[in-house]
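Residue numbers start from 1 in every chain, and the chains themselves are labelled A, B, ... in the order their sequence lines are given, proteins ahead of strands.
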Number of protein chains: 2
Amino acid sequence: MERESDYRERLKKSGLKYTKHRTAILAILAQSEPPLAAEQIYLALRERGLPANLSTVYRTIETLAEKNLLKKRSLIGDSRVLFEYNRAHHSHYLVCLGCKKMLPIRRCPLGDYEEKLERETNYTIAGHNLDVYGYCPDCREKGHRGN
Amino acid sequence: MERESDYRERLKKSGLKYTKHRTAILAILAQSEPPLAAEQIYLALRERGLPANLSTVYRTIETLAEKNLLKKRSLIGDSRVLFEYNRAHHSHYLVCLGCKKMLPIRRCPLGDYEEKLERETNYTIAGHNLDVYGYCPDCREKGHRGN
DNA sequence: TTTACTGCAAACGGTTTGCAAAAGG
DNA sequence: CCTTTTGCAAACCGTTTGCAGTAAA
């Protein structure tokens, strides 16, 4: 787990000023396994005793994503944009269509596919987005009704 | 290429009434390689001389997606929902971060990964969503500025 | 003739923006 | 100080909804 000074360092390297909100947002996302939406981050900040305006949250996460400290994601059937701490090793999710739970898939099934695709297409590959959808055992028993 | 009567048949099988708009929307999406957003479909309908209200377009594509005649998609950095004709063999896209062009990837790199994941997790897998992002040769030369 | 579909206009929800005040370096 | 960041309120934009009228079966 990273300390506050680590986040401070990261912000500095990205040419961003240090603020309590930015540090807290980085910490919140670093400690959250699943990606979070702006409002969830907003609520988490309140819980930490560092309430911020919603628009500040939006601006901050957008800035952090531009600097590649965070990654943007989105799920089918959810109009919100989700943000995830940009970890060294990326992870995918198996999303339950019933209860929306996100089960991390630690090993990326693509392997060295990106390099292969790069050679085949002559594109410069930047990354990929993969989510698998299905029903968890609980929701399947409940007849796909979800939570 | 399918004929109007084919679409009519599909609608009937799904318990949906036949309307010119629905048929046209199916045809528009069947003929479009990349997925389209509601407004693009709305415009394509006007071009075909079958103008429909935007809310009708939204309602129709949602209905068709529920019946699995269409598939929903979404791309990072685009808040719109895209709709794609549900073809027998699914396809992924290599999306240029510069010009947003979508290059179809015909062979799914996941192979039989879903079955493997199903056994490992005891979930019932319904499908997956995969997009690869990068820069096409043109945009790379322009220094990632895009169009 | 009953049920499903459509158009219209208004509402909605997540996100963005302009501006003045506050805080970081 | 000078520049960035923040709060606030209003705008934005893609999407959804209620309702009355119209078309399919």
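In this entry the distance linking NE2 of A:His21 with P of C:dA22 reads 15 Å, nearest Å. Note: CG (A:Leu54) to P (C:dG14) measures 10 Å, nearest angstrom. C:dG14 atom C1' lies 14 Å from atom CG of B:Asp78, rounded to whole Å. Here the P atom of nucleotide C:dT3 and the CG atom of B:Leu11 are 21 Å apart, to the nearest Å. Whole-Å rounding puts the B:Arg22 CZ to C:dG7 P distance at 11 Å. What separates CZ of A:Arg80 from C1' of C:dT15 is a distance of 13 Å, to the nearest Å. Atom pair B:Leu50:CG and C:dC5:P shows a separation of 17 Å (rounding to whole Å applied). Atom CD1 in B:Ile41 sits roughly 14 Å away from atom P in C:dT6 (whole-Å rounding).
A salt bridge does not link B:Asp138 to B:Lys101: none of the charged nitrogens lies less than 4.0 Å from a carboxylate oxygen. A salt bridge links B:Arg106 and B:Glu33; the closest N-O separation between the charged side-chain nitrogens and carboxylate oxygens is under 4.0 Å. Residues B:Lys100 and B:Asp78 are not paired through a salt bridge, judged by the lack of any N-O separation under 4.0 Å between the basic side chain and the carboxylate.
For the side chain to side chain contact (heavy atoms under 4.5 Å, CB included) with B:Asp131, the qualifying choice from B:Ile105, B:Leu94, B:Leu75, B:Ile76 is B:Leu75, the only one to do so.
B:Ala37 comes within 4.0 angstrom of nothing in the nucleic acid, heavy atoms only. Nucleic acid contact for B:Arg59: base, since at least one base atom lies under 4.0 Å from a heavy atom of the residue. When heavy atoms are screened at a 4.0 angstrom cut-off, A:Tyr58 is found touching base atoms of the nucleic acid.
No side-chain heavy atom of A:Lys17 sits under 4.5 Å from any side-chain heavy atom of A:Leu11.
A cation-pi arrangement is absent between A:Arg140 and A:Tyr135, since the terminal nitrogen or guanidinium carbon is not both under 6.0 Å from the aromatic centre and inside a 45° cone about the axis.
Listed by first and then second residue, the ring pair (Phe, Tyr, Trp, His ring centres under 6.0 Å) pairs involving residues 89-121 of chain B are B:His90-B:His92, B:His90-B:His128, B:His92-B:His128 (not counting sequence neighbours).
In this model, the phosphate group of C:dT16 is not approached by any side-chain N or O of A:Ser55 to a distance below 4.0 Å at OP1 or OP2. Checking the phosphate oxygens (OP1, OP2) of C:dT6, no side-chain nitrogen or oxygen of B:Asn53 falls inside 4.0 Å.
Heavy-atom distances to DNA chain D give each of B:Ser79 and A:Thr19 a nearest nucleotide, and the one nearer the 5′ end belongs to A:Thr19.
The side chain of A:Tyr18 lies closest to C:dG25, out of C:dT3, C:dT6, C:dG25.
On the nucleic acid side, DNA chain D contacts chain B at distances under 4.0 Å to non-hydrogen atoms, with the end points of that region at D:dG14 to D:dA25.
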